[in-house]
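A quick note: this is a predicted structure, and the numbers were derived from the prediction, not measured. Below, all heavy atoms of this structure are taken into account, side chains as well, without hydrogens, waters or symmetry copies.
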Amino acid sequence: MPSDYDPACLPDLLPLYYRRLFPFAQYYRWLSYGGVQKNYFQNREFSFTLKDDIYVRYQSFSTQSELEKEMQKMNPYKIDIGAVYSHRPSQHNTVKSGSFQALEKELVFDIDMTDYDDVRSCCSAADICSKCWTLMTIAIRILDRALREDFGFQHLLWVYSGRRGVHCWVCDEAARKLSAAARSAVAEYLSLIKGGEEMVKKVILTDPIHPFIRESLGVVKQYFPQYALHDQDILGRKESVDKILALVPEDVRRELQQLFQNERRPEQRWSQIKDQAKKKQATAKKGQHFEKEIMLQYCYPRLDVNVSKGVNHLLKSPFSVHPKTGRISVPMELKDLDKFDPFAVPTISLICEELDRPKADDEDKKSGDTKEKENENGVTEKRKNRDYKRTSLAKYVKCFDQFLDGMAQSWKGELLRKSDLQKEF
Amino acid sequence: MQFINRKKRLVPNPKTELYAQPLQFYGQPPLENISLSEFESFAVDRLKLLKTVENLGVSYVKHSEQYSKKMEAEFKTLNFPYRTEDGAEKRRKDHISHFILRLAYCQTEDLRRWFIQQEVDLFRYRFNDLTSKQKLDFLHKNNLQYNTISVQEKNQLKEKLLNSSYIVSGVTLENEDFYKVPFQDALDLVRARKVYLKDGYAFIPHNDIVTIVLNDFRTRLSKALALTARSLPAVHSDERLQPLLNHLSHSYLGQDYSIQKNVGKISLEQIDSLAGKSFPLCMRQLHQALRENHHLRHGGRMQYGLFLKGIGLSLEQALQFWRMEFIRGKVDADKFDKAYAYGIRHMFGKEGKRADYTPYSCMKVILSNPPGQGDYHEKLTPPLPELLKQKLQFYKVSPSGVNQILELVKGMHYQLACQKYFELTHNVSSDCDSAFSLSHPNQYFIESQKVLGGGKEMKRETDTSQRSQENPATRGSSAAPDPEVIESQHLAEMTENLETFFEDA
């Protein structure tokens, strides 16, 4: 297999990756946000994880080429992005303490498969498979809808973390300016799963059921039969059945235990649970949403709230490499979300190898336009541009490009408004 | 010309005009001259009032009958305007005393936070006490205009609005106004999912308008305090006021439990028995989880680690304690030094920005640390009631006591539940003199030790046993991959070496 990745090779591959493949132009375009605000890129914190887990915080760069040079020199194993500060992070020691403050950052969300260990039977800890990956699909569908429709955000960048989770970067100006209190309020609005290890029942619904929960249930319902009943077989084996039954009221539990003795098919068992819930709801005054609570407990996204709360919290950057798997942290196309396969995401070894393959017809196609720029810089620039296009990274960079084009629309409006204001004086 | 005119108009009856409203936003500072003694007595009274606000908020359910009664009594004894018909004199006191405390409480972040919190609670109580006409009057007088939605829009969103709030029913929806504000202005409602959200706007029923008003009040007060802080040097140059203001601000909050007068008075062997006797449930839970799993996540480490620091563990002891426990689990000594020792030294102010962190108070534990997946630091909110019941029975709490505690937990009054637990396990009753109002896990510990006559049995651990083990832990742990615990790490030298290394490569 050409894509086999060996962590020991990482030090050899990284220089190549940063020299010829990392999409610096797009990256810089993203983080400067059209130059609407002064020093937005310059005051941004980056932090690098180097060889042997050496961690360097408060890196900052004044231009794209400085960023490029520095990354090519340091060859970080991992790149994290932090906040935009009041001063250049690299000079944070030189300003009076207290005045160096994190001002803005994208609103971010981190969903990690390890947090689902109590509700997936296929894998545990850092392992994932195509069965449990559906959980991430559900998470993205639910959060993406809520962030757009409920909170009115538009520029959401979803990124595969490279191993077992996904990140969301909400890049709207309003999102970047949110206070820590507002961030935590948003995160809590979006959190339904409550309680730690010992909590058996992690979702409790009360009347009336908020529209947000109804919408989320709508998403879960699309995936639940195939994912939970079939792939995870939550109503098959005895242990997992017991876990489900622990979530229903005692009298219902007894009745269901009886019914289940004569019924082994999971779909049928699930309808029996639903029937019980309907019966309960008809007689009891309120509450009694246990079938919904089960669906949510098994499928609803589990957020790491602390990541979203802090303005200065760091999060792994898109296009950073995951040192353990070698996979690139790539933007995800929501149109094809159901088809997204984490195992098809290219590893650094694969794309570096693709570079070495003989250049195919694509060389001839492009040879015409290379001639236009004769000076040396132009040529290397062109070559780098084409380099990633020859690898499997291309489609992810294209997805990133589209995201940036969408945002550029809003910058244009903002810049026009600003220049109009200036003319008035 | 105009100047004089305006003055004239104001002069005739300034007080009645200024204090016509039962409640105000404190937009204008008082301009009259007052005596020093009045200055002092006003300030002290308001401070007492705010302290009461804080204590009542902890001991009682906000807006319960008892809460309101106690509040009312306090207003009476301190001579503040508690009823709307109270006259200008009391309102004047309310006005002036508020502004004096602004001077005293604008100086540091902590003071500001405390002051804002209490003033906001106070304001909420008083605003809720107004009649609905007075509320409208208040909005009108203060120019608080919020956008209401049209009838058509209301009908369109009818079902969603009904399902978003407990206080709206089909009947009242017709007559109720809904305000449309950016969701950032109604965070408390958003957080609790008690409001309908669409395209970034929250639709707030009139009954909940206090939320927006409070938000407004909080923002204004916070800005005003920042401005006050800037003009503080001028005030401080007045040598009559400066000592008074300093004194006022020092008497806030009680203790922060960071003063480590008892460092080294506890030995590591004692922790297990102390956990059973004198730890509040939240800490006992953490301790047990740590002993069982040999690991705690970041939030739990911070909460429990700082608590232990507060009861008197020294840095060396803490390192030894955590290391011993962690290496029994999946973490080996090397990994501990690399990944966790930094965080512990950080807690003691030996790394990063070198702040000497104070143990978390109950409020902080409850509000900022809802346990996430795989977290154990639950503040008396364990699992299902049955599990908590089992646990309490296991801890030998009487059946009637168990029920009392469970009732409180159900109502989410965790601090009250915890206090009840204290009373039951220490055989004291809330009516006797030793009663205190619980607001801090370390306070629980100290009170418990007092009751148990403890403190005497603690002895200094022999130095030698510590020293032999502390060395490897305190030596260079340059790597701490947990970004959030690293406030600032100075690895300049190291990276320089690396740079040259990579250049060669």
Check: B:Arg193 side chain, A:Ile209 main-chain N or O, donor-acceptor pair, under 3.5 Å
no
If I measure from the heavy atoms of chain B, does [X] come under 4.5 Å with its side chain, its backbone, both, or neither?
X: A:Phe48; value: neither
X: A:Leu14; value: neither
X: A:Arg148; value: backbone
X: A:Thr206; value: side chain
X: A:Leu303; value: neither

With a 6.0 Å cut-off (strictly less than), is the heavy-atom count around [atom1] of [X], excluding the residue itself, greater than 12?
X: B:Glu159; atom1: CD; result: no
X: B:Lys154; atom1: NZ; result: yes
X: A:Phe61; atom1: CZ; result: yes
X: B:Lys194; atom1: NZ; result: no
X: A:Lys243; atom1: NZ; result: yes

What's the shortest heavy-atom distance between [X] and [Y], and which atoms?
X: A:Ala185; Y: B:Val190; result: O-CG1, 4.2 Å
X: A:Pro211; Y: B:Asn163; result: CD-O, 3.8 Å
X: A:Pro208; Y: B:Ser165; result: CG-O, 4.0 Å

Straight-line distance of [X] [atom1] to [Y] [atom2], nearest 0.5 Å:
X: B:Gln184; Y: A:Lys177; atom1: CD; atom2: NZ; result: 12.0 Å
X: A:Gln154; Y: B:Asp199; atom1: CD; atom2: CG; result: 9.0 Å
X: A:Glu188; Y: B:Leu187; atom1: CD; atom2: CG; result: 10.5 Å

B:His298 and A:Asn306: side chain to side chain contact (heavy atoms under 4.5 Å, CB included), yes or no, with the steps?
CA-CA 10 Å; B:His298 176 71; A:Asn306 290 320; over 6 Å; no
Close side-chain approach of B:Phe183 and A:Leu178, heavy atoms under 4.5 Å:
yes
Could I get the full list of salt bridge (Lys or Arg N to Asp or Glu O under 4.0 Å) partners for A:Lys324, not counting sequence neighbours?
none
Segment of B:Tyr196 engaging chain A (4.5 angstrom heavy-atom cut-off):
both
Among residues at least two apart in sequence or on other chains, which ones pass ring-ring contact (aromatic ring centres under 6.0 Å, His included) with A:His155?
none
